Visitor: 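Below is the structure I would like to discuss, written out as structure tokens.
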Amino acid sequence: MHAYRTHHCCQLTKADVGQTVRLSGWVFRVRDYGKLLFVDLRDHFGVTQVVIDKDSDALQIVQAVRVESVLKVDGKVVARSGDQVNPNLPTGEIEVRAESVEVLSAAAELPMPIAGTAEYPEEIRLKNRFLDLRREKLHSNIVLRSKVIASLRRRMIDQGFTEFQTPILTASSPEGARDFLVPSRLHHGKFYALPQAPQMFKQLLMVAGFDRYFQIAPCFRDEDARADRSPGEFYQLDFEMSFVTQDDVFAAIEPVLYGVFEEFANGRNVTPPPFQRITYKDSMLKYGSDKPDLRNPIEISDVTEIFRGGGFGVFAKAIEEGSIVRAIPAPGAGTKARSFFDGMNQWAKDEGFAGLAYINFKAGVGGGIAKNLGPERVAQLVEQMKLGPDDGVFFACAKKDVAAKLAGAARTRIGQDLDLIEKNTFRFCWIVDFPMYEWDEVEQKVMFSHNPFSMPQGEMHALETMNPLDILAYQYDIVCNGIELSSGAIRNHKPEIMYRAFEIAGYDRSVVDEKFSGMINAFRYGAPPHGGSAPGVDRIVMLLADEPNIREVILFPMNQRAEDLMMGAPSNVSPRQLRELGIRIVSEEKPS
RNA sequence: GGGGCCGUAGCUCAAUCGGUUAGAGCACCGGCCUGUCACGCCGGAGGUUGCGGGUUCGAAUCCCGUCGGCCUCGCCA
């Protein structure tokens, strides 16, 4: 007989009755009757009930240990009769009558319970992650993650992609996120950087002729955390393809994403390919965001012209000064109490905006600012927005970017408040035609809006002739349920266009030669047109596991301040280590 | 760096307007119990109310400061 087990804890059925078996696992729950005792023995696979009575020496042993101790149980499989069957357990038709029990590892009193579904403070959970991971939900999330990654790999390989590993210790790059730096021992004063993404390496793989590459790639960015953004590190399904257009990239990845979502959808709907394509400009207008949640049916309209010179003075004046007005319909909300509308206005103010004006229609008669606006313009509004007789409508008036942002946030909030968000559905879309450049208000200069390696639409001709802020890029994001899964691009593979593109953003030729020498040099020797993308693996799993926080799908996540509470990272290092690296720590001066 | 919410027993929570010795469930320790599956019953132990200061006859409660956690803005090519 095996030293620890003949079966796992989700294996035995009626067919095994009469067998002598050996199980090992954790004490999940104990029900002790003094002269009779039940143990739910748990392992990775499931739970089996072990029963011990007074005839067994095991009784005292088990009575002496706490839950979560590890036991090895030898016993006989017996059938449960009638009302003793537990229909909630795959092994519920049998139990193991223990003949002997060995304590493999006794557990101390726990800082947090394993059984049950109660919520616990993040700090305790992270400090005791090995315990948290025993709990059913987190345990199954992590297993799901593994299955999703296996499925992605299989689907990518089936599509003709080849997986390669790219370096972790690489060079720091300008632009983009803050790098994590690693000091060099052999070159004092010089640093490696951990890759923010294997961007240049994957492009070099295309230059090297590998045609289709992918990798479940670890990426490192030293930026602050969010609920859907782990601090420090995350994983992407990084891929790149040669001799492709934007449509070829979409056609390659859509079936992979659709397939993996379908595989783990568990009855939820997945929008089939081809996914809807929305231009960046349209998305900012209709959804007030470049990552729209299409489960929300609300669409925003521009109604600047209806308010221009109208009776609602605040807006009319603002429009003269260059503001715009965006209208967010609230279907069926017209009959809601005034507190709903005032509450939205207050919310907008709390978020730092000027506020939200509104009209509430009751049986076609408009309240709110309808009187100020006048019947003719209200009628125009109803016509343009196709408003129903009992709809509400909110108005965001501000400079273009701010108005779009407020309208987008209001759209999300109204959708939630009115319970309009479609349930059990994954809605994918592509956001395309991102602008190549944007105006940086702080630096007062033109800068890359997304990826500097994207090919501008119109190539050199566009760079030479157009206003930089009007140039679009072959740059695209894939979005699911309001979460940005990835951004990608058809790359700029022509050195001359690259130099010119960087020049517009204020980097001269020597900067490109120095910072991107590996890539720009490679492009001089024959580079295929290529493009790709990199969907976030953690976010895919987060969506499939229906978890609102990315920590719930990561084995050992850091907290918001980028600390690993279990391992104690980051930590001090020895003076000797610092000496070797030629590093001296400058104590942080507190501002007085 | 800014804003918001939170911090009471190992865990989840309670404590009326500032008023008796800060309570309950789970967990823990002891006892009883032969068919439970969130077992049940009896008893016990467990508290610097995050920390520091202030107001008050009296502070978990009010004020100031500080620390920590989460969410968010900035940031994330």
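This is a predicted model, so every value here is computed, not measured.
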Visitor: If each of Lys35(A) and Ala64(A) is mapped to the nucleotide of RNA chain B with the nearest heavy atom, which maps nearer the 5' terminus, i.e. the 5' end?
Guide: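 That would be Ala64(A).
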Visitor: Over 60° means perpendicular and under 30° means parallel, so classify the ring planes of Phe516(A) and Phe453(A), tilted if in between.
Guide: perpendicular
Visitor: So Asn559(A), base contact, sugar-phosphate only, or nothing? Heavy-atom distance under 4.0 Å.
Guide: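 Touches sugar-phosphate only.
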Visitor: Looking at every strand, decide which applies to Ala227(A) at a 4.0 Å heavy-atom threshold: base, sugar-phosphate, or nothing.
Guide: sugar-phosphate
Visitor: Roughly how many Å apart are U55(B) and C76(B), using the P atom of each and rounding to a whole number?
Guide: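 Looking at atom P only, C76(B) and U55(B) are 48 Å apart.
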Visitor: Would Asn559(A) and Glu123(A) satisfy side chain to side chain donor-acceptor pair (under 3.5 Å), going step by step from the backbone distance to the final call?
Guide: CA-CA 8 Å; Asn559(A) 69 3; Glu123(A) 199 176 355; over 6 Å; no
Visitor: Starting at the 5' end of RNA chain B and moving along, which residue's nearest nucleotide shows up first, Asn451(A) or Leu110(A)?
Guide: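 In this pair, the answer is Leu110(A).
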Visitor: Would you tell me if any nitrogen or oxygen in the side chain of Lys127(A) comes within less than 4.0 Å of OP1 or OP2 on G68(B)?
Guide: no
Visitor: What does Arg97(A) touch in the nucleic acid at a heavy-atom separation under 4.0 angstrom: a base, only the sugar-phosphate, or nothing?
Guide: base
Visitor: Report which part of the nucleic acid Asp224(A) touches: base, sugar-phosphate, or nothing (heavy-atom distance under 4.0 Å, all strands).
Guide: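 Since a base atom lies under 4.0 Å of Asp224(A), the category is base.
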Visitor: Could you tell me whether Phe38(A) contacts a base, only the sugar-phosphate backbone, or nothing, with contacts defined as non-hydrogen atoms closer than 4.0 Å?
Guide: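 Touches a base.
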Visitor: Closest to the Arg29(A) side chain: U34(B), C39(B), C71(B)?
Guide: C39(B)
Visitor: Distance check needed: G10(B) P versus Glu68(A) CD, whole Å only.
Guide: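 Glu68(A) atom CD is separated from G10(B) atom P by 20 Å.
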Visitor: Within the structure shown, what part of the strands sits under 4.0 Å from Glu122(A) by heavy-atom distance: base, sugar-phosphate, or nothing?
Guide: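 Sugar-phosphate, no base atom in range.
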Visitor: Between C28(B), C70(B), C11(B), which nucleotide has the shortest distance from any of its atoms to the side chain of Asn549(A)?
Guide: C70(B)
Visitor: Name the pairing partner of U49(B), where a pair is Watson-Crick or G-U wobble with both distances under 3.5 Å, or state none.
Guide: none
Visitor: Please tell me if Asn128(A) has a side-chain N or O lying less than 4.0 Å from either OP1 or OP2 of C11(B).
Guide: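 For C11(B), neither OP1 nor OP2 has a side-chain N or O of Asn128(A) closer than 4.0 Å.
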Visitor: Considering every strand shown, what is the Watson-Crick or G-U wobble mate of G74(B) when both distances are under 3.5 Å?
Guide: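 Here G74(B) is not engaged in any pair, so there is no nucleotide opposite it.
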Visitor: Let me know the distance between CG of Leu41(A) and C1' of C37(B), rounded to the nearest Å.
Guide: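 So the two atoms are 14 Å apart, to the nearest Å.
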Visitor: For Glu552(A), which of Arg129(A), Arg125(A), Lys137(A) qualifies under salt bridge (Lys or Arg N to Asp or Glu O under 4.0 Å)?
Guide: Arg125(A)
Visitor: Give one of base, sugar-phosphate or nothing for Gln49(A), where a contact means two heavy atoms less than 4.0 Å apart.
Guide: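 It contacts base atoms.
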Visitor: Using the P atom in both, what is the distance from U61(B) to G18(B), to the nearest Å?
Guide: 11 Å
Visitor: With C1' as the reference atom in both, quote the distance from U34(B) to A9(B) in angstrom, rounded to an integer.
Guide: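 Looking at atom C1' only, U34(B) and A9(B) are 35 Å apart.
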Visitor: Rounded to whole Å, please give me the gap between CG in Asp40(A) and C1' in G35(B).
Guide: 13 Å
Visitor: At under 4.0 Å between heavy atoms, what does Arg125(A) touch on the DNA or RNA strands: base, sugar-phosphate, or nothing?
Guide: nothing
Visitor: Under a 4.0 Å heavy-atom cut-off, which of residues 78-92 of chain A touch RNA chain B?
Guide: Arg80(A), Asp83(A), Gln84(A), Val85(A), Asn86(A)
Visitor: Go through the side-chain N and O atoms of Ser454(A) and Gln475(A) and say whether any donor and acceptor fall under 3.5 Å apart.
Guide: yes
Visitor: Return the pairing partner of G25(B) with a 3.5 Å limit on both distances, Watson-Crick or G-U wobble; otherwise return none.
Guide: C11(B)
Visitor: How is Glu119(A) classified with respect to the nucleic acid when contacts are heavy atoms under 4.0 Å: base, sugar-phosphate, or nothing?
Guide: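 Contact class for Glu119(A): sugar-phosphate only.
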Visitor: Under a 4.0 Å threshold between the charged nitrogen and the carboxylate oxygen, would Arg42(A) count as salt-bridged to Glu68(A)?
Guide: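 Result for this pair is yes, salt bridge flagged.
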Visitor: Looking at Glu563(A) and G68(B), is any side-chain donor or acceptor paired with a base atom of the opposite kind under 3.5 Å?
Guide: no
Visitor: I'd like to know whether the aromatic ring centres of Phe201(A) and Tyr213(A) sit less than 6.0 Å apart in this structure.
Guide: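 No.
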Visitor: Base of G74(B), side chain of Arg226(A) - is there a donor-acceptor contact under 3.5 Å?
Guide: yes
Visitor: Which whole number of Å gives the distance between the P atom of U16(B) and that of C37(B)?
Guide: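 To the nearest whole Å, 36 Å.
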Visitor: Tyr499(A) ring centre to Arg509(A) NZ or CZ under 6.0 Å, with the angle to the axis within 45°?
Guide: yes
Visitor: In whole angstrom, give me the gap between the C1' atoms of U8(B) and G50(B).
Guide: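 Per the computed distance, 10 Å lies between those C1' atoms.
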Visitor: So, under a plain 3.5 Å distance rule, would you say the side chain of Arg178(A) forms a donor-acceptor pair with the base of G74(B)?
Guide: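 Checked by distance alone, the answer is no.
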Visitor: When you check the gap from the basic side-chain N to the acidic O, do Lys494(A) and Glu496(A) get nearer than 4.0 Å?
Guide: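 Judged by the 4.0 Å cut-off on N to carboxylate O distance, Lys494(A) and Glu496(A) do not form a salt bridge.
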Visitor: If only side-chain N and O atoms of Arg31(A) are considered, is one of them under 4.0 Å from the OP1 or OP2 phosphate oxygen of U36(B)?
Guide: no
Visitor: How would you label the glycosidic angle of C67(B): syn (within 90° of 0) or anti?
Guide: anti
Visitor: Closest heavy-atom contact between Gly355(A) and Leu406(A)?
Guide: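 For Gly355(A) and Leu406(A), the tightest heavy-atom pair comes out as O-CD2, 3.7 Å.
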Visitor: What's the gap between G47(B) and C57(B) when it is taken at their C1' atoms, as a whole Å value?
Guide: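 Between the two C1' atoms, the distance is 25 Å.
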Visitor: If you measure from the C1' atom in G74(B) to the same atom in A60(B), how many Å do you get, rounded?
Guide: 36 Å
Visitor: Rounding to the closest angstrom, what is the interatomic distance between C71(B) and G35(B) at atom C1'?
Guide: 48 Å
Visitor: What is the pairing partner of C41(B), taking Watson-Crick or G-U wobble pairs with both distances under 3.5 Å in any strand?
Guide: G31(B)
Visitor: Any salt bridge linking Glu240(A) with Lys202(A)? Criterion: basic side-chain nitrogen under 4.0 Å from a carboxylate oxygen.
Guide: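 Yes, charged N to carboxylate O under 4.0 Å.
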Visitor: Using a heavy-atom cut-off of 4.0 Å across all strands, would you classify Glu438(A) as base, sugar-phosphate, or nothing?
Guide: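 Touches nothing.
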Visitor: Establish whether the base of C76(B) is bridged to the side chain of Arg229(A) by a donor-acceptor pair shorter than 3.5 Å.
Guide: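 Indeed, a donor on one side and an acceptor on the other fall under 3.5 Å apart.
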